[in-house]
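So the structure is just underneath, and the comments pick up after that.
Keep in mind that what you see is a predicted model, and the values were worked out from it rather than measured.
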Amino acid sequence: MPSLLIKNADVIVTMDATRRELRGGALYIEDHRIAAVGPAAELPDLADEVLDLRGHVVVPGLINTHHHMFQSLTRALPAAQDAELFAWLRALYPVWGRLTPDMIRISALTAMAELILSGCTTSSDHLYLFPNGSRLDDTLQAAEEIGMRFHATRGSMSVGESLGGLPPDHLVEKESAILADTARVIERFHDPRRFAMRRIAVAPCSPFSVSRDLMKESAALARSHGVRLHTHLAENEHDVAYSREKFHRTPAEYAEDLGWVGADVWHAHCVKLDEPGIRCFAATGTGIAHCPCSNMRLGSGIAPVAQLCRAGVPVGLGVDGSASNDGAHLLGEARQAMLLQRAGFGPEALSARAALEMATLGGARVLGRDDIGALAPGMAADFAAFDLRTIGYAGAHHDPVAALLFCTPTTVNWSAINGRIVVRDGHLATLDLPVLLEKHRAFARALATR
């Protein structure tokens with residue numbers, strides 16, 4: 001791969017061991033990796049491509065730890081605009097039951113494009129329903145097309161309404177089929193190597209849509225293959241009430257009983273995680289994907305993120321599904337995380353730099369990666385550069401790093417994933433975005449009107 005030199009950036013936010021912020025910094029990339037970082041005067045001005053990024057702040061590529069990309073086709077549907085989690089799901093399950101493989105692929109491409117343009121370079125996705133022949137392979141194909149570093153989770157639902165679950169029976173799968181297909185995608189697609197562009201995780205959807213047995217079998221399968229585990233937990237009061245009624249446990253107790261805690265596990269939301277649950281997660285290294293926009297949109301509450309971080313729980317950010325956000329701007333998500341903690345717990349609850357760290361190093365830790373989340377020699381060449389000369393940052397040059405979080409989020413101006421430029425001067429470089437969006441609009445109209 002051609003070498004790349006970034007030079008003269010106003011600030012390079014390294015997120016390295018000492019959290020250096022380099023004024024007039026430079027970044028030299030070779031063979032998909034960062035070879036050198038430092039002041040521009042100290043790096044050789046030789047590369048196959050040289051980008052002069054004066055006026056920009058360069059940050060490690062942002063990391064999204066929770067998403068449902070298929071939901072980009074069902075944003076702002078009237079029936080689900082003003083509902084809490086369970087009613088929102090019941091309104092949307094029938095629509096999602098009409099998804100096709102092409103819809104899954106196009107919706108994933110669109111969600112990934114939106115993420116990349118927000119500064120995101122690595123994303124997880126939780127696909128938990130597979131109607132009409134859809135497969136996890138459809139999202140994996142999308143990631144390869146657009147060039148995104150991707151953690152695909154093989155989700156599942158096995159307990160339908162007739163058995164006391166939330167989803168309709170026609171959307172659930174047999175547990176034997178779930179486990180067989182999960183093993184298939186792990187064996188075919190998972191890449192455990194450092195700098196991997198594609199990894200697989202095992203992700204039964206939630207306590208209200210899968211059985212105790214499937215949770216246990218899924219954990220055993222994941223650990224036998226050395227992959228990570230993911231699910232939803234303690235998202236709102238109804239979620240907690242369901243666990244207490246069905247399992248006579250709090251969500252955290254239920255997860256612990258099933259072996260769903262540990263450094264190889266991350267849970268989405270945990271808005272209602274109680275004190276014993278926080279202690280358990282901290283002691284076991286269990287991670288959390290914090291999704292502030294979705295939690296606000298559905299009225300689920302404010303996750304105790306500042307408390308979680310103080311306790312030592314690994315916390316990353318997730319945009320969550322595009323029908324419960326209804327966006328996928330990861331820098332914007334970091335800003336909302338900062339503002340929501342301040343709304344709930346005071347202006348010192350979460351600083352701008354702490355929110356940015358959550359979106360980079362925090363996400364890397366939650367996904368079990370030591371090769372992304374920082375700009376340092378030997379790390380993957382994933383970065384995002386934001387132009388401070390736009391109107392949204394006018395007057396905020398006193399602290400350009402904090403400005404990224406305090407000011408209205410903007411589109412990334414330059415970005416690279418694995419050393420390949422994917423956003424060039426504000427434009428997505430790896431696919432024709434207008435053509436993609438036209439296909440996406442056609443599919444969204446078909447779902448909404450059928």
With no hydrogens and no angle check, is any side-chain donor or acceptor of Asp239 less than 3.5 Å from a backbone partner on Ala234? yes
Validation row: Thr430, Met148 side chains within 4.5 angstrom (heavy atoms): no
Is Ser218 reaching over with its side chain to a backbone N or O of Pro204, donor-acceptor style, under 3.5 angstrom? no
Polar side chain donor-acceptor pair, His290 to Glu333, under 3.5 angstrom: no
Please evaluate residues His440 and Leu73 with respect to the criterion side chain to side chain contact (heavy atoms under 4.5 Å, CB included), reporting the C-alpha separation (whole Å), side-chain torsions for both, the decisive distance (0.1 Å), and the verdict. CA-CA 7 Å; His440 189 270; Leu73 290 166; 3.5 Å; yes
Heavy-atom side-chain contact between Leu171 and Met157 under 4.5 Å: yes
Nearest-0.5 Å distance that lies between atom CG in Leu99 and atom CZ in Arg105: 14.0 Å
One should read off an interatomic distance between Leu340 CG and Ile302 CD1, to the nearest 0.5 angstrom, of 4.5 Å
So, does Asn418 use its side chain to make a donor-acceptor pair with the main chain of Arg420 at under 3.5 Å? no
Side-chain donor/acceptor of His398 to backbone N/O of Ala403, under 3.5 Å: no
Pairwise distance CE(Met215) to OG(Ser156) - rounded to 0.5 angstrom: 9.0 Å
Whether Arg353 and Asp399 form a salt bridge (side-chain N of Lys/Arg under 4.0 Å from carboxylate O of Asp/Glu) is what I want to check. yes
Measure the shortest side-chain to side-chain distance between Asp16 and Met379 over non-hydrogen atoms and say whether it is less than 4.5 angstrom. no
Return yes if a side-chain donor-acceptor contact under 3.5 Å exists between Asp326 and Gln71, otherwise no. no
Considering non-hydrogen atoms only, spot the tightest contact between Leu350 and Ala355 and give its length. CD2-CB, 4.1 Å
Sequence neighbours excluded, which residues qualify as ring pair (Phe, Tyr, Trp, His ring centres under 6.0 Å) partners of Phe383? none
What's the shortest heavy-atom distance between Arg184 and Asp181, and which atoms? NE-OD1, 2.7 Å
Looking at Val423, is its backbone amide N or carbonyl O close enough to the side chain of His427 to form a donor-acceptor pair, meaning the two atoms are under 3.5 Å apart? no
Looking only at heavy atoms, what is the nearest atom pair of Ser72 and Ser107, with distance? OG-O, 3.2 Å
Looking at CE of Met69 and OG of Ser123, how far apart are the two atoms once the value is rounded to the nearest 0.5 Å? 3.5 Å
Can you tell me which residue pairs pass the ring-ring contact (aromatic ring centres under 6.0 Å, His included) test with a partner in residues 96-115, sequence neighbours excluded? Phe70-Trp96, Trp88-Trp96
Are side-chain heavy atoms of Ile417 and Met197 found at a separation under 4.5 Å? yes
Salt bridge or not for Asp10 and Arg54, using N-O below 4.0 Å? no
Step-by-step side chain to side chain contact (heavy atoms under 4.5 Å, CB included) determination, Thr360 to Val59: CA-CA 9 Å; Thr360 51; Val59 301; 5.6 Å; no
Pair Ser3, Asp48: side-chain N/O donor-acceptor within cut-off below 3.5 Å: yes
Checking Thr122 against Leu367 for the side chain to side chain contact (heavy atoms under 4.5 Å, CB included) test, could you report, in this order, the C-alpha distance in whole Å, the side-chain angles of both residues, the deciding distance, and whether it holds? CA-CA 10 Å; Thr122 298; Leu367 294 183; 4.1 Å; yes
Look at Arg75 together with Glu114 and state whether they make a salt bridge at an N to O cut-off of under 4.0 Å. yes
Could you tell me if the ring centre of His269 sits under 6.0 Å from that of His66? yes
Closest heavy-atom contact between Ala142 and Ala108? CB-CB, 3.9 Å
Are side-chain heavy atoms of Ile106 and Leu436 found at a separation under 4.5 Å? yes
Under the side-chain hydrogen bond (donor to acceptor under 3.5 Å, both in side chains) rule, what do Thr408 and Tyr393 come out as? Steps first, then yes or no, please. CA-CA 8 Å; Thr408 301; Tyr393 298 116; over 6 Å; no
CZ (Arg33) with more than 12 external heavy atoms under 6.0 Å: no
Sidechain N-carboxylate O distance under 4.0 Å for Glu49, Arg424: yes
Set out, in order, the CA-CA distance, both residues' side-chain angles and the distance that settles side-chain hydrogen bond (donor to acceptor under 3.5 Å, both in side chains) for Asn132 and Arg98, then state yes or no. CA-CA 7 Å; Asn132 306 311; Arg98 301 194 292 268; over 6 Å; no
Got a salt bridge between Arg342 and Glu348, using NZ or NE/NH1/NH2 to carboxylate O under 4.0 Å? no
Less than 4.5 Å apart, any side-chain heavy atom of Ile116 and any of Ile146? yes
Kindly say whether Ile29 contributes a backbone atom to a donor-acceptor pair with the side chain of His32 at under 3.5 angstrom? no
Would you verify whether the NZ or CZ of Arg154 falls within 45 degrees of the ring axis of Tyr128 while also being under 6.0 Å from that six-membered ring's centre? no
May I ask you to check whether His232 and His126 place their ring centres under 6.0 Å from each other? yes
As an exercise, state the distance from CE of Met338 to CG of Leu405, rounded to the nearest 0.5 Å. 5.0 Å
Just by distance, do the side chain of Gln341 and the backbone of Ala303 share a donor-acceptor pair under 3.5 Å? yes
When you check the side-chain N and O atoms of Asn295 and Ser300, is any donor under 3.5 Å from an acceptor? no
Has the side chain of Arg23 got a donor or acceptor atom that lies under 3.5 Å from a matching backbone atom of Pro39? no
As an exercise, state the distance from CD1 of Ile12 to OG1 of Thr14, rounded to the nearest 0.5 Å. 9.0 Å
In sequence, state the C-alpha distance, the side-chain angles, and the governing distance for Arg297 and Asp320, and then conclude on salt bridge (charged side-chain N to carboxylate O under 4.0 Å, His left out). CA-CA 11 Å; Arg297 202 267 206 204; Asp320 200 14; over 6 Å; no
Under 4.0 Å between a Lys/Arg side-chain N and an Asp/Glu carboxylate O for Asp137 and Arg188? yes
Just by distance, no angles: are the side chains of His151 and Arg198 close enough, under 3.5 Å, to form a donor-acceptor pair? no
Are Phe281 and Leu233 close enough that some pair of their side-chain heavy atoms sits under 4.5 Å apart? yes
Check: Leu388 main-chain N/O paired with His397 side-chain donor or acceptor under 3.5 Å: yes
Begin from the C-alpha positions of Thr153 and Leu127 and carry the test side chain to side chain contact (heavy atoms under 4.5 Å, CB included) through to its verdict. CA-CA 7 Å; Thr153 74; Leu127 181 60; over 6 Å; no
Can you name the nearest heavy-atom pair linking Pro304 to Ile278, along with the distance? CG-CD1, 4.3 Å
Between Val366 and Val315 the two heavy atoms that sit nearest each other are CG2-C, 3.8 Å
Pairing of Asp138 and Arg135 as salt bridge, 4.0 angstrom limit: no
With distance as the sole test, does Glu30 use its side chain to make a donor-acceptor pair with the main-chain N or O of Ala35 at under 3.5 Å? no
Does the side chain of Leu62 reach to within under 4.5 Å of the side chain of Leu331, using non-hydrogen atoms? yes
